[in-house]
Amino acid sequence: MSKQLAIQLAGVSKAYPHFRLDSIDLQLEQGSIMGFIGPNGAGKSSTLRILMGLIRADQGEVRVLGHRVPDEQVAARWDIGFASEDMRLYQSRTLQWHMDFVKSIYPGWDDDYAAALARRFDTRPGQTLKGFSHGQRVKAGLLLVLARRPKLLLLDEPTTGLDPVARKEVLNELMDVLQDDGRSVLFSSHNTKDVEQVSDQITFIDRGRVIASQDKETFLERWRRVRFSAAENFAMPDLPDVVETRLNGRLGSVITGRFDTRITDGLQNAGATIQGVETMTLEEIFVTEVEASRAEVTGAAA
Amino acid sequence: MDDPFILSQSDGRPMYLQIIEQVKLRISVGDWPPGFALPSIRELAVATKVSVITVKRAYQELENEGVIVTRQGKGSFVATTDKLGSRLREQEMEEHLIKAIEIARSEGLPPDELVRRLQSLLQGRKK
């Protein structure tokens with residue numbers, strides 16, 4: 001039997017005056033972390049808000065923890081922890097006041113975990129939010145969500161603007177959540193490095209469209225850069241699924257998102273010598289995917 | 001559980017290969033003897049802060065290589081193959097030798113010359 005899905009979006013669209021979420025399909029298995037990567041303004045926050053039921057989609061189906069959203073969003077929300085940068089915390093109140101407030105609403109609140117998080121995040125419960133730095137405020141917001149132990153965490157750019165130490169603290173806590181295989185995390189970022197190590201699933205979004213969504217290992221496995229050398233005036237053969245070709249003097253490279261021996265055989269049969277087959281970082285793959293997707297859209301419009 | 005591995009962010013290789021190497025290292029130094037129960041995939045992922053799917057892939061490859069065995073519902077164990085530790089070290093040495101052969105080939109160095117150089121390096125070591 002396949003695993004239960006924590007999140008399921010099918011054909012979700014939402015039109016704004018100058019922007020459109022275009023038929024978003026997304027699936028997140030229970031017990032895993034998905035990194036949701038896109039440039040600023042790609043539609044990450046809108047997608048998360050649709051999952052929370054804060055925005056109603058024009059079309060498509062949204063299911064969160066088995067509940068239809070927005071119709072059953074009240075039931076779903078008990079088990080969702082949502083954190084974003086514009087979370088409203090009261091500047092004149094202490095972190096402890098906020099902790100008590102959240103505790104009074106959510107029965108799952110864990111005092112020990114909250115206290116441990118406050119220590120690990122280097123935030124003082126007795127201090128008013130006014131005195132918090134940007135990083136501490138972000139961590140305070142996360143603490144308030146994490147200590148409820150929700151089944152699904154929806155985190156909008158949880159690491160943006162954090163220093164390297166704070167970023168590591170936050171990513172470590174996300175991994176800790178996964179100790180329980182009934183819990184899941186979806187977090188957005190425009191920084192692929194944050195996402196690369198901890199994520200099971202990777203989704204790329206650009207200009208309101210999901211351009212790739214896959215498990216990370218398959219993703220990294222399929223993309224390769226092949227370097228080769230060839231005689232002068234080398235005629236590039238026709239290769240399948242190549243998204244970028246470079247040839248300069250006697251050296252060249254091709255990038256493919258579906259690597260197999262057809263690429264290397266094709267180059268060798270055309271007289272080239274393979275110098276190396278390299279894996280690519282998620283950042284390189286992301287940039288290549290976005291460029292290819294934009295070129296395709298422009299090409300189709302022309 | 002404490003993080004049993006030292007993983008490098010600047011190592012250019014994919015993370016699952018680093019995990020495979022670290023497991024083999026634990027076995028070859030004798031920290032993880034034959035029959036030793038490995039941490040579960042999820043435990044190891046949380047401890048190393050590497051995604052579950054990556055650790056799963058590393059375990060699968062280790063299983064394919066016969067380094068570990070997985071028993072349904074019981075977890076993964078270091079294989080009880082005879083002298084697994086030294087076999088792994090030999091395997092690693094062989095990989096380096098194969099690399100040397102490949103470089104020699106791409107440089108057009110004849111096999112005799114490669115053997116001669118290896119011998120002269122061995123001689124140099126003896127002194």
Side-chain angles (χ1 to χ4, degrees), chain A residues 3 28-35 164 167-185 187 192-202 214-225 227-229 259 273-285, chain B residues 1-23 38-65 70 72-76 95 98-109:
Chain A
K3 271 201 152 181
L28 174 62
E29 270 184 15
Q30 207 176 299
S32 26
I33 299 190
M34 179 185 280
R167 213 162 62 219
K168 185 159 182 245
E169 287 165 352
V170 168
L171 292 174
N172 283 355
E173 288 312 321
L174 294 192
M175 280 308 293
D176 262 3
V177 166
L178 272 266
Q179 261 171 22
D180 177 348
D181 65 7
R183 303 180 67 196
S184 325
V185 179
F187 80 106
T192 54
K193 291 205 180 69
D194 283 349
V195 172
E196 179 151 13
Q197 184 162 337
V198 300
S199 298
D200 297 305
Q201 298 279 322
I202 302 282
Q214 225 166 20
D215 83 79
K216 183 180 63 189
E217 288 302 315
T218 308
F219 226 137
L220 295 175
E221 194 54 39
R222 285 172 43 170
W223 285 85
R224 287 287 185 278
R225 183 190 293 108
R227 292 183 194 272
F228 61 91
S229 58
F259 177 74
T273 308
I274 307 295
Q275 298 291 341
V277 179
E278 301 166 357
T279 53
M280 294 167 67
T281 65
L282 202 56
E283 175 137 345
E284 292 174 309
I285 297 172
Chain B
M1 192 183 90
D2 288 334
D3 183 356
F5 296 157
I6 301 154
L7 301 172
S8 163
Q9 292 284 356
S10 58
D11 190 315
R13 292 169 308 159
M15 198 51 88
Y16 80 94
L17 288 179
Q18 287 196 51
I19 293 173
I20 290 174
E21 189 188 79
Q22 295 276 317
V23 170
L38 272 77
S40 76
I41 290 172
R42 201 164 278 275
E43 267 171 4
L44 191 59
V46 171
T48 55
K49 313 298 173 197
V50 171
S51 58
V52 170
I53 197 149
T54 303
V55 177
K56 192 184 272 176
R57 176 160 185 210
Y59 274 30
Q60 264 161 9
E61 306 249 338
L62 284 164
E63 203 179 330
N64 294 342
E65 288 181 38
T70 300
Q72 203 64 44
K74 295 216 163 146
S76 302
E95 278 163 19
I98 288 168
K99 205 155 216 175
I101 292 170
E102 278 169 1
I103 294 172
R105 193 178 288 160
S106 79
E107 291 297 311
L109 208 67

Go through the steps for Glu217(A) and Lys56(B) under the test salt bridge (Lys or Arg N to Asp or Glu O under 4.0 Å), then give the verdict.
CA-CA 10 Å; Glu217(A) 288 302 315; Lys56(B) 192 184 272 176; over 6 Å; no
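- Looking at every heavy atom in both residues, Ile53(B) comes nearest to Ser199(A) through CG2-O, 4.2 Å.
- For the atom pair Lys216(A) NZ and Ser51(B) OG, the distance stands at 3.0 Å (nearest 0.5 Å).
- In terms of heavy-atom pairs under 4.5 angstrom with chain B, the leader among Leu220(A), Asn172(A), Asp215(A) is Asn172(A).
- Note that CD of Gln197(A) is 4.0 Å distant from CE of Met15(B), once rounded to the nearest 0.5 Å.
- To the nearest 0.5 Å, atom CD1 of residue Ile41(B) and atom CG of residue Asp181(A) are 11.5 Å apart.
- Only the backbone of Thr48(B) comes within less than 4.5 Å of a heavy atom of chain A; no side-chain atom from C-beta onward does.
- Taking both residues in full, the closest heavy atoms of Met175(A) and Ala45(B) are given as CE-O, 3.2 Å, listed atom of the first, atom of the second, then distance.
- Under a cut-off of 6.0 angstrom, the local environment of CZ in Arg13(B) is crowded, with over 12 non-hydrogen atoms contributed by other residues, nucleotides or ligands.
- When each of Leu171(A), Leu178(A), Asp176(A), Leu174(A) is tested with Lys49(B) by the rule side chain to side chain contact (heavy atoms under 4.5 Å, CB included), just one qualifies, namely Asp176(A).
- Not a single donor-acceptor pair under 3.5 Å links the side chain of Arg57(B) to the backbone N or O of Thr218(A).
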